[in-house]
Amino acid sequence: MPTPQVGAAVIVEVPVLAPVILAASRSDKMRRFVSAAPGTKQVVDRFIAGETVDQVIPIVQDASAKGLEVTLDVVGEDITTVEQSYAARDAYLELIDRLKALGLGTKAEMSVKLSMFGQALEGGHELALANVRPVVEAAAAIGTTVTLDAEDHTTLDSMFAIHEELRKDFPQTGCVIQAYLFRTEDDARRLAAAGSRVRIVKGAYKEPASVAYLDKAEIDKAFVRIVKILMQGEGYPMIGSHDPRLIAISQELARQAGRKLDEYEFQMLYGIRSDEHVRLAAEGHRMRVYTAYGTDWYGYFMRRLAEKPANLLFFARSILTTG
C-alpha cells in the first residue's frame with residue numbers, strides 16, 4: 001500500500017504513528033504546538049461540539065429531533081488539583097440542571113472519566129467516588145444515567161470498583177470495556193449480568209504489548225468475541241464502533257441471541273459518520289452520539305487522531321492549507 005501524501009508532506013501510515021500520537025496526548029509541549037497550529041480549530045470543531053453548555057444544548061435538541069440520543073462528555077481529564085476535580089463535578093451538575101429545565105433528561109446521558117474527578121490524585125479513588133456520586137444521583141433524578149469511561153489499564157480496577165459501588169444505589173450506571181486489553185473478555189463475562197449497561201469500544205490509549213493486542217486484526221477479533229459475550233448475557237450492550245463490518249457482525253450476533261432492537265444500542269462519535277447515525281436510527285436501532293464539549297479538548301482530540309487514518313489526514317490537510 002503506498003504511503004499517503006498530503007501536498008508536499010509525507011504522512012507515515014497511521015498504525016506506525018498512532019503510538020506516537022497517543023504519547024503526544026500527554027505532552028505539554030505538543031499541546032502548545034497543536035493548539036497554536038493554524039488548522040487546529042477547523043478540525044477540533046469537527047469532534048468537539050462546543051466549549052459551553054449553551055453551545056451543546058442545541059446539538060442535543062437537534063439529535064433528539066432526528067431520533068438520536070446522546071451521551072455527553074465534559075472534556076478535561078488531565079487535572080492536577082482537588083479544586084479542579086470539584087469544578088469537573090460542578091460542570092456536570094450544571095449540565096444536568098440545563099437538561100432538566102429543557103425536558104431533555106431522557107434523551108441524554110453522561111459519560112465521565114474518573115481521572116477528571118480526581119482519581120489520579122492522592123486518595124484519588126475515594127475522591128473520585130465522592131465526586132461522581134452526586135452526578136449519578138442528579139442524573140437519576142431527571143430520568144437518565146451515567147457511564148464510566150475506561151481509561152488506561154492502570155485505572156481500571158479502581159473504575160470497576162467505583163462502578164460496582166455506584167450500582168448498589170443506581171443499578172443503571174454503565175461502564176466501558178476496551179477490546180484491545182487481554183483482560184476484557186473476563187471483564188465482559190462478569191459484567192454481562194441482568195441490569196448492567198456495558199459499552200464495548202476498541203480502545204484509544206497507548207498500552208504495552210504485555211497487556212493489550214497491538215495488531216488491528218487481533219483487536220477486531222477480540223471485539224467480536226466480546227460483543228458475542230455481551231449479546232448472550234443478560235445486560236444491555238452498547239456497541240461503540242464506526243466500522244461497518246463490526247456493526248453488521250454485531251447486528252447478526254444480536255439476532256442470533258434473540259435480542260429486540262431496543263435491547264442494545266449503537267454508539268458513535270460526534271462528527272464521524274453522521275449519515276450512519278441517522279440511517280441506523282431510521283432502521284429502528286437505538287443510536288447514541290458520543291458528544292464531547294469543553295475547553296480542555298487536547299487529550300480527547302489527540303486520541304481521535306490516533307484512532308483513524310482519515311482523522312489524521314484531515315488534520316494534516318488543514319494545517320497545510322490554512323494560513
Side-chain angles (χ1 to χ4, degrees), residues 43 45-50 55-73 95 98-99 102-111 139 142-147 149 172 174 176-177 179 192 196-202 204 220 223-224 226-293 300 304 307-311 314:
V43 188
D45 287 347
R46 175 178 176 177
F47 302 117
I48 303 295
Q55 290 171 325
V56 81
I57 287 295
I59 291 170
V60 177
Q61 293 170 319
D62 180 65
S64 179
K66 294 176 180 176
L68 305 171
E69 299 172 76
V70 299
T71 183
L72 295 166
D73 172 14
L95 169 62
R98 291 295 302 278
L99 293 172
L102 295 168
L104 293 171
T106 60
K107 294 297 183 181
E109 65 154 47
M110 267 57 67
S111 287
I142 68 167
T144 190
T145 188
V146 170
T147 296
D149 277 337
Q172 71 275 29
V176 177
I177 55 177
S196 68
R197 297 172 61 257
V198 183
R199 181 195 302 149
I200 171 65
V201 299
K202 288 186 180 181
D220 286 354
F223 191 98
V224 171
I226 294 161
V227 171
K228 185 174 183 179
I229 291 168
L230 296 177
M231 290 295 184
Q232 292 180 343
E234 298 181 78
Y236 181 76
M238 301 179 285
I239 312 303
S241 177
H242 305 93
D243 187 326
R245 179 171 169 270
L246 293 181
I247 290 169
I249 291 172
S250 298
Q251 289 173 313
E252 176 58 20
L253 291 172
R255 187 194 66 78
Q256 292 176 9
R259 285 185 176 263
K260 299 175 183 177
L261 292 182
D262 63 352
E263 293 177 339
Y264 63 98
E265 69 182 47
F266 291 103
Q267 297 192 2
M268 297 186 190
L269 296 172
Y270 173 83
I272 300 179
R273 301 197 72 203
S274 299
D275 291 345
E276 186 71 357
H277 303 174
V278 177
R279 185 189 72 81
L280 286 169
E283 290 182 356
H285 291 285
R286 294 191 70 182
M287 175 63 225
R288 193 178 301 275
V289 184
Y290 189 106
T291 305
Y293 76 99
Y300 178 89
R304 301 295 77 78
E307 283 174 342
K308 195 167 184 280
N311 296 344
F314 181 49

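Numbers here are sequence positions counted from 1. None of the values given here were measured: they were computed from a predicted structure.
- In this structure the side chain of M238 reaches within 4.5 angstrom of the side chain of T147, judged on heavy atoms.
- Closest of all the heavy-atom pairs between G67 and A281 is O-CB, 3.8 Å.
- Annotation for Y236 and D262: closest pair CE1-O, 3.6 Å, computed over non-hydrogen atoms.
- With a 4.5 Å cut-off on side-chain heavy atoms, Y293 and I57 do not count as touching.
- The two residues A139 and V146 have their closest heavy-atom pair at CB-CG2, 3.9 Å.
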Go through it in stages, so that I can follow the logic: the residues are Q256 and M231, the test is side chain to side chain contact (heavy atoms under 4.5 Å, CB included), and I'd like the CA-CA distance, side-chain angles, deciding distance and then a yes or no. CA-CA 9 Å; Q256 292 176 9; M231 290 295 184; over 6 Å; no

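- H277 places a side-chain N or O within donor-acceptor distance of the main-chain N or O of I272, the cut-off being under 3.5 Å.
- When all heavy atoms of A192 and L230 are compared, the closest pair comes out as CB-CD2, 4.1 Å.
- To the nearest 0.5 angstrom, I177 atom CD1 is 4.5 Å from I200 atom CD1.
- Side-chain atoms of S64 never come within 3.5 Å of backbone atoms of V60 as a donor-acceptor pair (strictly under, hydrogens ignored).
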Would you check, one step at a time, whether the test side chain to side chain contact (heavy atoms under 4.5 Å, CB included) holds for V70 with I59? CA-CA 9 Å; V70 299; I59 291 170; 5.7 Å; no

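- Formation of a donor-acceptor pair under 3.5 Å by the T291 side chain with backbone atoms of V289 is found in this model.
- Taking CD of Q251 as the start and CG of L246 as the end, the distance is 11.5 Å to the nearest 0.5 Å.
- With 3.5 Å as the limit, one finds no donor-acceptor pair spanning the side chains of R199 and Y290.
- Note that CD1 of I249 is 11.5 Å distant from NZ of K228, once rounded to the nearest 0.5 Å.
- Using modelled atom types, no side-chain atom of S241 and backbone atom of I247 make a donor-acceptor pair closer than 3.5 Å.
- Listed by first and then second residue, the salt bridge (charged side-chain N to carboxylate O under 4.0 Å, His left out) pairs involving residues 232-246 are K202-D243 (not counting sequence neighbours).
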Any chance you could lay out the side chain to side chain contact (heavy atoms under 4.5 Å, CB included) test for S250 and Y264, step after step, and finish with the verdict? CA-CA 10 Å; S250 298; Y264 63 98; over 6 Å; no

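- The line from CG of L68 to CE of M268 is 10.5 Å long, rounded to the nearest 0.5 Å.
- Closest non-hydrogen pair, T144 versus Q172, comes out as O-NE2, 4.1 Å.
- Between the CG atom of L72 and the CZ atom of R288 there is a distance of 9.5 Å, given to the nearest 0.5 Å.
- Checked options D73, L99, T71; the residue passing with M110 is L99 (criterion: side chain to side chain contact (heavy atoms under 4.5 Å, CB included)).
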Test side chain to side chain contact (heavy atoms under 4.5 Å, CB included) applied to E109 and R197, step by step: CA-CA 12 Å; E109 65 154 47; R197 297 172 61 257; 2.3 Å; yes

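- Atom-to-atom distance recorded for R273:CZ and H242:NE2 is 8.0 Å, nearest 0.5 angstrom.
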